[in-house]
Amino acid sequence: MSLPASTSAPITIQHLSSPPPPSLEATTASWTSSIAYHCKNSRLSKAISQFTAMRTSGVDPNHITFVTLFSGCAHSRSHGPLIGPSVHAYARKIGLDVSNVMVGTAIIDMYSKFGETGLARLSFDRMVLKNKITWNTIINGYMRNGKFEDAVELFDEMPERDAVSWTVLIDGFVKKGKYDLALEWFQEMLHLGTAPDFVTIVSVLSAVANLGSLSLGLWVHRFVLMRGFIKDNIRVSNSLIDMYCKCGCVELAIQVFDKMPERSLVSWNSMIVGLAYNAHVEEALSYFHSLKRDGFNPDSVSFTGALNACSHAGLVEKGLELFENMKEISKINPRIEHYGCLVDLYSRAGRLKDALKVLDEMPMKPNEVVIGSLLAACRDCKDIDLAERLTKYIYDLDPIGDFNYVLLSNIYAATGSWRGASNVRKKMKALGVQKRPGISSIEVNGVIHEFVAGDKSHSDAESICLILEHLSDEFKICGHASDDIFSEACGFY
DNA sequence: GTAGGGTTAG
């Protein structure tokens, strides 16, 4: 028996319990179990060769064999789209794709995951018998592919809706960044009397966290406590921790964490990442070191949080040490986030050359976040030469975002190079990059106030400006070259 | 052995 290809993956019971290889008296069940084993370990090609061997040895696959295979294809980005349709053709030949609910549903799920909503819908329409899961699957397929109208249409048509149906819609909107819509649907769900389960709550909390609305978050927390049915659910608590941190309420996050009767590594990670996010550096590192006492080993997310804390505090050496420990002791392969932290660590410390070295030597193509860290440092250090050298990386990025173009253009503008700035704008136009307005928002007494650059429409704009000016002066007195950071950050003046 | 879920760098 061979172990899975990824050596960094934790070895679980699942990996070790290979099923007995099909023997001479192999049955459909034993072949299927062997196929399932390979699918679970992300070895679709192996699963398929088993499937072929099964057929040539004269054993017929049944509905479970097909469900296993379709589910395996759905989870394989590389081979799935190539293999899935031919397995479908085979199921078609024996009619299982329309006559068996589970097989049909697995096919719908597979095509949805490939982005083939048309094929998913065709399979759905052809099925003789559908159950709730079939309906939820096709609606989920539409949601994940951004076809909201089709999803809602089927949602309205479906004979019987359960908590999962609602959650599919709610979470579908959350995943596409439509948090307000998600919450509207949640409200409707409660209004019509369907009880949410813990997955619904996790999804709703994610929407709330992204909106940064503490009052909504507190409401959901009260809801959880009142219902009691999910009060001590680890995942709900993890989501509460994340929500409170994203809303800037570290104290409440700690309270939730402390009250948990049982924690997972994600609970620890949510604290570490959340504390780092809120610049509570010492505490973030202390949680990072404490998770071992709870019997956990830090994973790649834990390191991201700890590294991020170091970069916010300018702890370059500590950060580098963590990065080394991650590779050498924890045997975790650094991912792009970790290189991003490293670049950020050097960038914020003003060590641009070191940052550039990381960028050039990292084993994967840098993305816009990594470039953005360095570019922001170029702006702060007024290093236009380095910024120009980054241009090639920026133009090479996909997908095209506006962030770095705007940053680059601002660097040119800040150094008085209007021609450079205008060239960037031209390039943006040529590439079809649109600058989206940056919006800052703050919640005061449950009301969310939004501001865009140059925005003076707020009823208290005048006093807000006065306070900002005052803060800016205070900053200068304290020795921080403010560089009009307030005008940039808050969009006034 | 078919459906929905949490933490990740600018």
Side-chain angles (χ1 to χ4, degrees), chain A residues 29 32-33 35-36 39 62-71 74 100-110 112 127 130-141 143-144 162-172 174-175 196-206 209 233-243 245-246 264-274 276-277 299-312 334-345 347-348 366-377 379 401 403-404 407:
Chain A
T32 303
S33 129
I35 290 171
C39 284
N62 63 10
H63 60 291
I64 301 171
T65 321
F66 281 108
V67 166
T68 308
L69 275 171
F70 288 127
S71 150
N100 185 283
V101 192
M102 283 193 267
V103 174
T105 304
I107 291 171
I108 295 171
D109 186 49
M110 176 185 76
S112 301
M127 283 172 71
K130 305 175 179 90
N131 63 16
K132 242 187 310 194
I133 300 180
T134 316
W135 283 87
N136 289 342
T137 304
I138 182 85
I139 294 171
N140 187 33
M143 289 305 287
R144 79 162 67 228
D162 61 5
V164 177
S165 325
W166 287 94
T167 310
V168 161
L169 278 192
I170 293 168
D171 192 61
V174 173
K175 289 275 149 60
D197 64 11
F198 81 95
V199 182
T200 322
I201 297 298
V202 163
S203 183
V204 165
L205 279 171
S206 162
N233 182 296
I234 294 190
R235 284 156 177 170
V236 169
S237 298
N238 293 346
S239 297
L240 282 168
I241 292 171
D242 176 56
M243 180 276 294
C245 286
K246 291 221 169 88
S264 65
L265 180 57
V266 176
S267 323
W268 286 93
N269 287 348
S270 301
M271 282 309 305
I272 297 165
V273 169
Y277 178 85
D299 70 355
S300 77
V301 178
S302 330
F303 276 103
T304 310
L307 283 168
N308 191 225
C310 292
S311 106
H312 281 292
R335 296 212 291 245
I336 192 153
E337 296 96 317
H338 303 107
Y339 286 103
C341 288
L342 218 52
V343 169
D344 195 47
L345 193 66
S347 295
R348 284 178 194 260
N367 61 13
E368 68 167 0
V369 180
V370 184
I371 306 290
S373 294
L374 192 44
L375 213 47
R379 177 195 57 197
F403 185 87
N404 288 323
L407 209 49

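The nucleotide whose nearest atom lies closest to any side-chain atom of A/His63 is, among B/dA9, B/dG1, B/dT8, B/dG1. The side chain of A/Met102 lies closest to B/dT2, out of B/dT7, B/dG10, B/dT2. Distance from the side chain of A/Asp171 is smallest to B/dG5 among B/dG10, B/dG5, B/dT7. Side-chain atoms of A/Val369 lie closest to B/dA9 of the nucleotides B/dG5, B/dT7, B/dA9. Distance from the side chain of A/Ala36 is smallest to B/dG1 among B/dT8, B/dG10, B/dG1. Of the listed nucleotides (B/dT7, B/dA9, B/dG4), B/dA9 has the atom at the smallest distance from the side chain of A/Ile336. Relative to the side chain of A/Cys341, the nucleotides B/dG4, B/dA9, B/dG5 differ in distance, and B/dA9 lies closest. Considering only side-chain atoms of A/Asn140, the nucleotide from B/dT8, B/dT2, B/dA3 that sits closest is B/dA3.
For the pair A/Ile138 CD1 and B/dT2 P, the interatomic distance rounds to 18 Å; values are reported in whole Å. As rounded to whole Å, 16 Å separates atom P of B/dT7 from atom CD1 of A/Ile234. Rounded to an integer number of Å, the gap from CE of A/Met110 to P of B/dA3 is 13 Å. Distance A/Ile107 CD1 to B/dT2 P: 14 Å, rounded to the nearest Å. Separating the CG atom of A/Asp242 from the P atom of B/dG5 is a distance of 16 Å, rounded to the nearest angstrom. Atom CG of A/Leu345 is separated from atom C1' of B/dG10 by 14 Å (rounded to the nearest Å). We find that NE2 of A/His338 is positioned 12 Å from P of B/dT8, with the value rounded to whole Å. Atom pair A/Trp135:CH2 and B/dG4:P shows a separation of 18 Å (rounding to whole Å applied).
A/Asn140 is linked by a side chain to side chain donor-acceptor pair (under 3.5 Å) to nothing, counting only residues two or more places apart in sequence or in another chain.
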Donor-acceptor contacts, no H, no angles, side chain residues 303-311 of chain A, under 3.5 Å, sequence neighbours left out:
{"unit_1": "A/Thr304", "atom_1": "OG1", "unit_2": "A/Ser300", "atom_2": "O", "d": "2.7"}
{"unit_1": "A/Thr304", "atom_1": "OG1", "unit_2": "A/His338", "atom_2": "NE2", "d": "3.2"}
{"unit_1": "A/Ser311", "atom_1": "OG", "unit_2": "A/Asp344", "atom_2": "OD2", "d": "2.8"}

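Contacts of A/Val343 with the nucleic acid, taken as non-hydrogen atoms under 4.0 Å apart, are absent. Here A/Asn100 lies out of heavy-atom contact (under 4.0 Å) with every strand. Note on A/Ser264: a base of the nucleic acid sits closer than 4.0 angstrom, heavy atoms only. In this structure, A/Ser373 reaches the sugar-phosphate backbone alone: every heavy-atom distance under 4.0 Å involves primed, P, OP1 or OP2 atoms, never a base.
When the side-chain nitrogen and oxygen atoms of A/Asn136 are compared with OP1 and OP2 of B/dT2, none of them lie within a distance under 4.0 Å. Between A/Arg144 and B/dG4, a side-chain N or O to OP1/OP2 separation shorter than 4.0 Å is present. Put simply, A/Lys130 has no side-chain N or O that comes within less than 4.0 Å of OP1 or OP2 on B/dA3.
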